[in-house]
Amino acid sequence: MKNLEQKITAAIGTLYGEKCELPLTKTRREFAGDVTLVVFPLLKASRKSPEATAMKVGECLMRDIPEIKEFNVVKGFLNLTLTESFWMNQLAMTEGFNRHDDTGRTVMVEYSSPNTNKPLHLGHVRNNLLGYSVAQILEAAGNRVVKVNLVNDRGIHICKSMLAWQLYGNGETPASSGMKGDHLVGKYYVEFNNRLAEDPSLQEKAQEMLRKWEARDPEVYALWETMNGWVYEGFDVTYKALGVSFDKIYYESQTYLLGKSLVEEGLAKGIFYRKEDGSVWIDLTADGLDEKLLLRGDGTSVYMTQDLGTAVQRFSEEKLDQLIYVVGNEQNYHFQVLKLILSKLCYAWSDAIHHLSYGMVELPEGKMKSREGTVVDADDLIDGMIDTARRMSEELGKLDGVSPEEAAEVSRRVGLGALKYFLLKVDPKKTMLFDPKESIDFNGNTGPFIQYTHARICSILRKGASVDGAESKRMRDEGPDAAPCETINAQELELVKLLTEYPRIVTEAAAELSPAVVANYGYELAKTFNGFYHDCPILREEDAAKRDFRLRLSRQVARTLCLAMGLLGIELPEKM
RNA sequence: GGUCCCGUAGCUCAGUUGGAUAGAGCAACAGCCUUCUAAGCUGUGGGUCAGGCGUUCGAAUCGCCUCGGGAUCACCA
C-alpha cells in the first residue's frame with residue numbers, strides 16, 4: 001500500500017512537475033472503488049476543473065500503474081479500483097505479520113501505582129488495563145518496553161490503617177479473618193476515618209506514627225512491613241486476575257529521598273529559590289502557572305521532589321527514548337510542572353516524558369467516593385463479571401456436556417473479556433460512565449461478541465480439518481497459490497481489505513497510545529466476518545477453490561482477532 | 001479568577017494530520033434457526049455534531065467568542 005502511494009505521488013509529480021503528497025483514503029461504501037484520491041489540492045497546478053483534473057490523473061495512473069484496474073470520477077474524487085492480484089499479495093503479506101520490525105527504541109511505561117492503604121477499585125482497573133495494553137501495543141509496534149509500577153507504600157494514609165489496626169484490630173490477620181490482605185488493611189483505613197469523628201486526637205497519633213516510621217522505630221517499622229505484606233499478597237491476586245504484570249517494581253519508601261540533590265542543583269543554577277523558612281520553590285508564573293513547592297521548610301521532600309528524582313534516575317539507569325506515565329487526568333497539572341522543571345534544568349530528555357492522561361470512570365450518581373461507599377471494588381467487579389458470564393452461558397446451554405474445568409475457563413475468559421473490552425474501547429482521555437445496575441453487555445459492540453466470532457471460526461476450522469482435509473491436500477498438490485478462486489465476491493474482498501489494515505492499526509494505536517483504536521478495529525473485523533459467515537457458505541461451498549479461499553480467510557480473521565485482542569489482554573476461547 | 005479537558009441519536013460510544021449523503025451498539029418495533037455455534041444476521045424509526053462568527057472549493061474536525069459539564073491551582077500523594 002505504501003509502495004502504491006509512492007508510485008502515485010511520483011506519477012503526479014511527473015504530471016504537474018511538483019511534489020504533491022496526497023494521501024489515499026478508503027473509498028466510501030456507496031461508491032465504486034477501493035481507494036480514493038482527492039484532487040482538489042491539484043487544481044492550482046492543473047488549471048482545470050476538479051472533474052477534468054481527476055480524469056486526467058486517473059488516465060495517467062491507469063497507464064503507469066499496473067495495480068490499478070479501473071477508476072471513476074465523482075466531482076473532485078478519483079476512485080481507484082485495484083486488481084485482485086494486488087489484494088491477494090497484500091493478504092499474503094499480512095498473513096506473515098505478527099509485530100513490526102524492531103525500531104531500536106526503548107519505552108518505559110509506568111502504570112498501576114497504587115496506595116497500600118486500600119484495595120484496588122474500578123478506577124485502578126482502567127489504569128491497569130490501559131497501562132498493560134499500551135505496553136503490549138508499543139511492543140507490537142517494534143519497541144522494547146519496560147513496564148514498571150511505583151507503589152506508594154509510605155505516608156500518613158498508611159499510618160492511619162496501621163494505627164486503627166493497632167488500636168482496634170485485636171491481632172486480626174488475613175489468615176484469621178479469611179479476608180484478602182488488601183481488603184483487611186482497607187477495612188482499618190475506613191475504621192480510622194469512622195473513629196476520627198469521635199476522637200480527633202487520632203490525627204495527631206497518626207502523625208506521630210509517621211515520625212516514628214521515618215525514624216525507623218523498630219516496632220512501627222515491623223508493623224508497616226507486616227501490613228504492607230498483606231496488601232501485596234492481595235494486590236498480586238488482583239493483578240493476576242487482570243492478567244497484568246510488571247518488569248520492575250519501585251517502592252516510594254525507597255525513592256522518596258531522591259531528588260534532593262536536584263534541588264541543590266536548581267538552587268545553584270538560580271532556577272529555584274529559598275524562602276525565609278527554608279522551603280524551596282520555583283516560580284512558574286511567567287509560564288502561566290503558579291509557584292510550586294519543591295522542598296519543605298524542614299528539609300523533607302514532597303511528591304514533586306520525588307518524581308523529579310525518579311525521572312532522573314530512570315534516564316540515567318538506561319537509555320530510554322520515552323517514559324510514559326499512565327496517570328489519571330486529575331494530575332495533569334503535576335505532570336505539566338514536572339516536565340517544565342526538567343526542561344528548565346536543561347535535561348535534554350524532558351521532551352521524552354509523556355503523561356498518558358486518562359479520564360475518570362464515573363458512576364450514574366457521579367464520581368466514586370470511598371467515604372460514601374460508592375466505590376466499585378476491583379475484586380468484586382471481576383468476580384461478578386465471571387459469574388454473569390457463567391450464568392449467561394448456562395442459560396444459553398453453552399456449557400452442556402463441558403467439563404467443569406473448561407466451563408470455568410470459558411466463563412473466566414468471557415467475563416474478563418467483557419470487562420476489559422468495555423473499559424478499553426473508549427478513548428483513554430475521555431471520562432466514561434459505568435452503570436453497575438445495567439452492568440456490562442455481552443451483546444453488540446462487546447468483548448464477548450468478538451470472542452464468539454472467534455469461537456465460531458474455530459469450530460469451522462476444526463470441522464474443516466476433520467471433514468476431508470481438502471485444503472491441505474490441494475495445497476500439497478498444487479502449491480500455495482495454485483488454482484486460486486477466479487473471482488472474489490464483495491464480502492470476501494471487504495474482509496481482505498480489513499485484514500490487510502491490521503499492521504497499520506498497530507502503528508496508529510502506538511502513535512496515539514490508544515487501545516481503543518485496536519478495540520474498534522477488532523469489532524469492525526468481527527462484524528464484517530459475521531456478515532460474510534451469514535451469507536457465504538464455507539465448508540458447504542462446493543467449489544473446492546472457493547472453499548479453500550474462505551477457509552484461509554476465516555483462519556486469518558481468527559488469527560488477527562487473537563493478535564488484536566491480545567494487545568488488549570483479552571483471551572479468546574475456542575468454544576463458547 | 002488562572003490553566004487544562006470534554007460536549008455527536010433517548011442512553012453508551014466511534015468518526016478530528018479538513019473531504020462525498022455523520023456511523024455503531026444498547027433500548028423500541030418488525031423479521032430470520034430441521035443446513036458451518038441465534039452471545040449471530042436483516043430491516044424500521046431516531047441528529048440544529050451545545051450555540052454563534054470566521055478561515056476555504058469543502059468544517060463534527062482548524063481559529064475566536066458564548067453557554068453547559070469536569071479536573072486542577074496543598075508544606076497530600
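Numbers restart at 1 for each chain; the letters A, B, ... are given by sequence-line order, proteins then strands.
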Practice problem: Find the distance A:Glu330:CD to B:A74:P and express it as a whole number of Å. | Solution: 15 Å

Quiz item: Rounded to the nearest 0.5 Å, how far does CG of A:Leu295 lie from CG of A:Leu262?
Solution: 11.0 Å

Quiz prompt | Whole angstrom value for the distance that separates C1' of B:G70 from OH of A:Tyr358 | solution = 16 Å

Self-check item: Distance-only donor-acceptor check, side chains A:Gln313 and A:Tyr250, under 3.5 Å
Solution: no

Quiz prompt | Nucleotide nearest A:Val74 (side chain, heavy atoms from C-beta), chosen from B:C4, B:C36, B:A20 | solution = B:A20

Exercise. For A:Thr25, report the nucleic acid contact type (base, sugar-phosphate, nothing); a contact means any heavy atom under 4.0 Å.
Key: nothing

Quiz item: To the side chain of A:Phe40, which of B:G19, B:C13, B:C36 is closest?
Solution: B:G19

Self-check item: Value in whole Å for how far the P atom of B:G15 lies from NZ of A:Lys425
Solution: 13 Å

Practice problem: Tell me yes or no: between the side chains of A:Asp535 and A:Gln491, is some donor less than 3.5 Å from an acceptor? | Solution: yes

Quiz item: Nearest of B:A39, B:A20, B:C36 to any side-chain atom of A:Thr36?
Solution: B:A20

Practice problem: Taking the six-membered ring for Trp and the single ring otherwise, decide whether the centroids of A:Tyr303 and A:Tyr256 are under 6.0 Å apart. | Solution: no

Quiz prompt | Earlier contact from the 5' end, RNA chain B, for A:Lys26 and A:Leu289 | solution = A:Leu289

Practice problem: Measure from the side-chain heavy atoms of A:Phe449 and tell me the nearest of B:C41, B:C5, B:A38. | Solution: B:C41

Quiz item: Of all the nucleotides listed (B:A77, B:G40, B:G7), which has the minimum atom distance to the side chain of A:Asn530?
Solution: B:G40

Exercise. Both distances under 3.5 Å, Watson-Crick or G-U wobble: on that basis, could you give the dot-bracket string for RNA chain B, with [ ] for crossing pairs and | for other-strand partners?
Key: (((((((..((((.....[...)))).(((((.......))))).....(((((..]....))))))))))))....

Quiz item: What nucleic acid atoms does A:Met360 come within less than 4.0 Å of, heavy atoms only: base, sugar-phosphate, or nothing?
Solution: nothing

Self-check item: pi-stack flag for A:Tyr533 and B:G40, centroid dist under 5.5 Å, interplanar under 30°
Solution: no

Quiz item: Ring-on-base stacking between A:Tyr333 and B:A71, under 5.5 Å between centres and under 30° between planes: is it there?
Solution: no

Quiz item: Taking the side chain of A:Val38 as heavy atoms from C-beta outward, which of B:A39, B:G19, B:U12 is closest to it?
Solution: B:G19

Quiz prompt | Distance between C1' atoms of B:C13 and B:C49 (Å, rounded) | solution = 14 Å

Exercise. State whether the aromatic ring of A:Tyr452 stacks on the base of B:G40, taking stacking to mean ring centres under 5.5 Å apart and ring planes under 30° to each other.
Key: no

Quiz item: Which nucleotide, B:C36, B:A20, B:A14, lies nearest any side-chain atom of A:Thr27?
Solution: B:A20

Quiz item: Between atom CG in A:Asn117 and atom C1' in B:C76, what is the gap in whole Å?
Solution: 12 Å

Exercise. Consider the side chain of A:Lys429, meaning its heavy atoms from C-beta on, and name the nucleotide among B:G19, B:C6, B:A77 that approaches it most closely.
Key: B:C6

Exercise. For A:Phe31 and B:A20, give me the distance from atom CZ to atom C1', rounded to whole Å.
Key: 5 Å

Quiz item: Contact class for A:Pro50 (heavy atom, under 4.0 Å): base, sugar-phosphate, or nothing?
Solution: nothing

Quiz item: When every nucleotide of nucleotides 22-30 of chain B is labelled 5' to 3' by its protein contacts under 4.0 Å (heavy atoms), B for base, S for sugar-phosphate only, - for none, what sequence of letters results?
Solution: -SSSS----

Quiz item: Between B:C4, B:A77, B:U37, which nucleotide gets closest to the side-chain atoms of A:Tyr303?
Solution: B:A77

Quiz item: For residues A:Asn79 and A:Arg28, is any side-chain donor paired with an opposing acceptor at under 3.5 Å?
Solution: no

Self-check item: First encountered from the 5' end of RNA chain B, between A:Glu362 and A:His157
Solution: A:Glu362

Quiz prompt | Given B:G40, B:A71, B:U37, the nucleotide with the shortest approach to the side chain of A:Lys367 | solution = B:A71

